[in-house]
Chemist: 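Before we start, here is the structure in question, set down as structure tokens.
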Protein chains: 2
Amino acid sequence: MSKELRIIPLGGLGEIGKNMTVYEYGRNIMVVDCGVMFPESDMYGIDLVLPDFDYVVENQDRLRGIVITHGHMDHIAALPYLLQEIEAPIYGTPLTLGLIERQLAEKNVLHRTELRVLARDETLPLGPFRVTPFAVAHSIPDSVGLVINTPAGTIVHTGDYKLDETPAGGQATDLAALQRLTEGGVLALVGDSTNADRPGRTPTEAVVRDTLDVLFAQARGGRIIIATFSSLLARLQEIVNLAHKHGRKVALTGRSLVENVELASKLGYLQVPKGLLVDIDTRVPHKDLVVLATGSQGEPRSALNRMANGDHRHVRVGAGDTIIISGGTIPGNEEDVGRMLNKLFERGANVVYGRLATVHVSGHGSRDELRAMIETVRPRFLIPAHGEARHLHLHAQLGVEAGLERENIFVLKNGAQWVSDGQKAWTVESLAVQDVLVDGRLVGEIGEVVMRDRHRLSQDGFIVALIPVNGKRQLAGEPQLVSRGFVYLNGARELLEAGREEIKKQHRRGTKDMARALEDFFYRETHSRPVVLPRFIQV
Amino acid sequence: MSKELRIIPLGGLGEIGKNMTVYEYGRNIMVVDCGVMFPESDMYGIDLVLPDFDYVVENQDRLRGIVITHGHMDHIAALPYLLQEIEAPIYGTPLTLGLIERQLAEKNVLHRTELRVLARDETLPLGPFRVTPFAVAHSIPDSVGLVINTPAGTIVHTGDYKLDETPAGGQATDLAALQRLTEGGVLALVGDSTNADRPGRTPTEAVVRDTLDVLFAQARGGRIIIATFSSLLARLQEIVNLAHKHGRKVALTGRSLVENVELASKLGYLQVPKGLLVDIDTRVPHKDLVVLATGSQGEPRSALNRMANGDHRHVRVGAGDTIIISGGTIPGNEEDVGRMLNKLFERGANVVYGRLATVHVSGHGSRDELRAMIETVRPRFLIPAHGEARHLHLHAQLGVEAGLERENIFVLKNGAQWVSDGQKAWTVESLAVQDVLVDGRLVGEIGEVVMRDRHRLSQDGFIVALIPVNGKRQLAGEPQLVSRGFVYLNGARELLEAGREEIKKQHRRGTKDMARALEDFFYRETHSRPVVLPRFIQV
């Protein structure tokens, strides 16, 4: 085995080095993070996308451990799938481990790992790696970046971060610790690129707190309903504090929110004054109540969307209610969110969202922060990670602006193998990786062919033509058409009748490619292209 | 017939009063605008959505004419469909009529109308209506708002507008003319609400021009490729001017862009210095060239997306190219645009988009501008229009802030009938209207059932089970399964074999609802729910 360090970024859906990173030295592998992507809107029927961890599975005998930076789904939720194939210890801070434990228990794989606490002032030895976490500000408490000492040099793996000096929960990114830990020089910075296309700095969480404070004061007689991500625990803490300040109780609705609040309270990451939390079905005057709900993305079965549709069991939205969407809209969800907002307004509520007031800020640093990180760490090599190609390239441009040599910046793809001997760095042949699609219980069994079929079915539906023939392949009865998603059959008797006549005509002519002939016929008639599947039935 | 004025807003996809408005007085109807909506991302297979113009068709004998405010598709592109059902004269400014003429000619309905020029200083009599246009600043030249005098009072119908004092092309919103025309008082303001959720003012086009100027200067040795909407003719004029200033030729790629530039030049709305335009296949040094391309929305077959995919016939993108996306991303297109940007970066280009620089501004006014309009017009009644429910409600809030009485503000839905006798105003029973879906040649034939089927097919595909039976309904051979979009059949032989066994088992048991039994079986096996259609075949 060569004495070289390898870094292999993995991810899904165009996100590079987001969900998982493999570090390798000699006969030793460690993995950082193991998360999922949620499908894009044209990935019909897909629940989740996993990174391709074949390489880790094939080399499991060399795996020393899995280190997790924080507890968001895109960094932890593939663990249950990986642990179905391998056994390995998982290291993380206490809240992160708490969230992981729940994920693993749900999928019955908890027994296949040991969860070990990664303490912030300790160094974890993993084979030739020495891993020391440092605190970072992000939208979930207990987030860390990693300083990874290897025989080839020191790597800084930032994880998700922003440089917020007044963050929620009080955990700022600990640049002082980072400087101390990297005094001996840094071989490479593997840095979060999420907001590399946003100029300036990401606003501090303190702005959100101040805005919410004003909105709480203005709401006076009415109820306040706030939708946010259940994983945005730092935001939840602010809202709890404001409710306390303004003399309101807090009720929770939405399973993930209830679970996360319970877990974070138990572990001490959420401080809730006694008596502040009430059950959602408790009768509290509207002026004294804050409802915290899931649904900032307009998800169909989320609490806020149920309120919008008038079918939430406990909350009936109306005039006097102030509804605050305290979460950014994830690209692809704009239409769902828009429809939900429309319905909430139509019920008479005052809804605050988007640009109307700063009720949400990103958990990732913008360009000035990424630049400050580069200048703090002064790495020999920069590996932009955690972003799509456009973000990585814009992060790379920033590296050049910050004084790094262009040839020392590596914009990689998933599966790329970055190699360094501690002096030089280069890439070698990439691993063949692909997105692994999860659809119900089917993991990796849905591929391109099925996705293409689903797309075509979604556009124009299908027609199965049942054509009865006798032993001499002569027509032996009336053809039948079975169809869905094409035209509404009751309204298209003539079209289908014409279709059956076409089958008879083509059969008389001895047409070989009946599917093609029928596709052409229906296209001529409708300018649509349903999937056509003829089946000859021997009768 | 009563001596009352009626206003009926029409639109599609949640947009209220956007695509069409009906004005009615006594036995007289006039229509303002007649446009389409483009489908949302979950409206599988749909090309266009038309407003429901049944009411206009049923009352065509009373229709005095159709007045169009400007030449954007959401205001003109339903005219060919309406003219297939009725005949009526169309009034508009010269550029608007030019764009309409092309639409009508393509659909062979030009002979069913007369296109009549609406001059800006003239008053058009249409039955009891007197229509006087006033200039508005918008992202296409020759846009107008309408002052409509009726026996019940004066209506101001703004059309799309912003209050840009330094607009592209030099056409500002003529508030002086509007004040003069409304000296006698205004009964109702029917006002654009598109950006009612944006605080402040929409930035002026002059900012875009200045930003582009800087980017042109920075591009030096390389080619500049700019993607924008082909209908954003004012922006095209700026780019032409900048190319001239910086000594570059301009080449066009994308059919709609070539056609619009030709039309606008012919009619004098686009001033192109002689010799500036070159064919896209002309050999020009990169430092001397600007390529104007369609594709700001990442549309699959647009010019810029072809460049991103490396299959544009004339332009091969590479290092040195500066690519500017000078058009906002329409909600629902974020993922397509993101993928295109990734590919352009991967080809080595420098891409400027989104927040990186102000290379696009909206053509619609923000809250301060909507408020200025209310204060200029001082209407008795406010009818927020041209927006989804959330925008209308936020526009209504603005009306209250500007001093109007809450009960004098009418947030309507499509098909609502607003009625006024010149003193009071009220609503009467709404018309039953629905979105009319266009799929190829099928107009209005695709309804909810088909859309639901397409959605389900897209998620999990289908299985048609062919079950051969004899005259006694006994199984008379092996069942066959025809399936697409469920699982990849070659990889799922065992599953399908088990499915066939299940059919036999259920048939032996005498199961009545075979579809349900098979749905349950496949759900148990896969946690997916394909559409299951059993067909018993008499053999």
Chemist: Rounded to the nearest 0.5 Å, what separates atom OG1 in A:Thr526 from atom CZ in B:Arg441?
Modeler: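 CZ of B:Arg441 is found 8.0 Å from OG1 of A:Thr526.
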
Chemist: If you count heavy-atom pairs under 4.5 Å between each of A:Ser458, A:Gly45, A:Gly461, A:Gly440 and chain B, which one has the most?
Modeler: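 When all of A:Ser458, A:Gly45, A:Gly461, A:Gly440 are compared, A:Ser458 has the most.
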
Chemist: Relative to chain B, which of A:Val531, A:Asn333, A:Val464, A:Asp47 shows the most heavy atom pairs under 4.5 Å?
Modeler: A:Val464

Chemist: To the nearest 0.5 Å, how far apart are CG in A:Leu341 and NE2 in B:His393?
Modeler: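 The CG atom of A:Leu341 sits 11.5 Å away from the NE2 atom of B:His393.
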
Chemist: Can you name the nearest heavy-atom pair linking A:Phe345 to B:Gln397, along with the distance?
Modeler: CE2-NE2, 4.3 Å

Chemist: If you compare all heavy atoms of A:Glu334 against all heavy atoms of B:Pro331, which two are closest, and at what distance to 0.1 Å?
Modeler: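 Where A:Glu334 meets B:Pro331 most closely, the heavy atoms are CB-CB, 3.9 Å.
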
Chemist: Which atoms of B:Gln538 come close to chain A, meaning under 4.5 Å heavy atom to heavy atom: side chain ones, backbone ones, both, or neither?
Modeler: backbone

Chemist: How close do A:Ala196 and B:Leu356 get, heavy atom to heavy atom, and via which atoms?
Modeler: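 Closest pair (atom of A:Ala196, atom of B:Leu356, distance): O-CD2, 4.4 Å.
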
Chemist: Please flag which part of B:Leu533 lies under 4.5 Å from any non-hydrogen atom of chain A: side chain, backbone, both or neither.
Modeler: side chain

Chemist: Would you please test B:Phe462 and A:Leu457 for side chain to side chain contact (heavy atoms under 4.5 Å, CB included) and show each step?
Modeler: CA-CA 9 Å; B:Phe462 73 89; A:Leu457 289 169; 3.7 Å; yes

Chemist: Are the side chains of A:Asp460 and B:Asp439 in touch, meaning some heavy atoms are under 4.5 Å apart?
Modeler: yes

Chemist: Name the region of A:Glu335, side chain, backbone, both or neither, that has any atom closer than 4.5 Å to a heavy atom of chain B.
Modeler: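 Side chain of A:Glu335 only, per the 4.5 Å heavy-atom cut-off to chain B.
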
Chemist: Are any non-hydrogen side-chain atoms of B:His391 and A:Asn342 less than 4.5 angstrom apart?
Modeler: no

Chemist: So for B:Tyr523, is it side chain, backbone, both, or neither that comes closer than 4.5 Å to the heavy atoms of chain A?
Modeler: neither

Chemist: Taking all non-hydrogen atoms of both residues, which atom of A:Asp453 and which atom of B:Gly485 are closest, and how far apart?
Modeler: CB-N, 3.7 Å

Chemist: Can you tell which part of B:Leu466 gets under 4.5 Å to a heavy atom of chain A, answering side chain, backbone, both or neither?
Modeler: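 Just the side chain, heavy atoms under 4.5 Å.
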
Chemist: Side chains of B:Val351 and A:Leu394: does their closest heavy-atom pair fall under 4.5 Å?
Modeler: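 With C-beta onward as the side chain, the pair stays apart.
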
Chemist: Sort B:Ile537 into side chain, backbone, both or neither according to what part of it lies under 4.5 angstrom from a heavy atom of chain A.
Modeler: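 Only the side chain of B:Ile537 comes within 4.5 Å of chain A.
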
Chemist: Decide if atom CD of B:Glu407 counts as having more than 12 heavy atoms of other residues, nucleotides or ligands within a radius under 6.0 Å.
Modeler: yes

Chemist: Check the pair A:Tyr353 / B:Arg390 against side chain to side chain contact (heavy atoms under 4.5 Å, CB included), numbers first and verdict last.
Modeler: CA-CA 10 Å; A:Tyr353 68 93; B:Arg390 60 189 185 275; 3.4 Å; yes

Chemist: Quick one: which of A:His455, A:Met43, A:Glu388 has the most heavy-atom pairs under 4.5 Å with chain B, could you say?
Modeler: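 Option with the greatest count: A:Glu388.
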
Chemist: If we define contacts as heavy-atom pairs under 4.5 Å, which of B:Asp197, B:Leu442, B:Val411 has the most with chain A?
Modeler: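 Max contact count across the listed options: B:Asp197.
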
Chemist: Relative to chain A, which segment of B:Gln459 carries a heavy atom at a distance below 4.5 Å: side chain, backbone, both, or neither?
Modeler: both

Chemist: What's the shortest heavy-atom distance between A:Glu346 and B:Ala389, and which atoms?
Modeler: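 Nearest pair, atom of A:Glu346 first, then B:Ala389: OE2-CB, 3.4 Å.
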
Chemist: Answer yes if the side chains of A:Ser41 and B:Asp42 hold a donor-acceptor pair under 3.5 Å, and no otherwise.
Modeler: no

Chemist: Are B:Glu40 and A:Arg339 close enough, and set up right, to give a salt bridge (charged side-chain N to carboxylate O under 4.0 Å, His left out), and what steps lead you there?
Modeler: CA-CA 11 Å; B:Glu40 298 185 340; A:Arg339 282 190 286 251; 2.2 Å; yes

Chemist: Pick one of side chain, backbone, both or neither for B:Lys413, based on which atoms fall under 4.5 Å of a heavy atom in chain A.
Modeler: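 Contact with chain A is through the side chain of B:Lys413 alone.
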
Chemist: Does any non-hydrogen side-chain atom of A:Arg535 lie less than 4.5 Å from one of B:Val482?
Modeler: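 In contact.
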
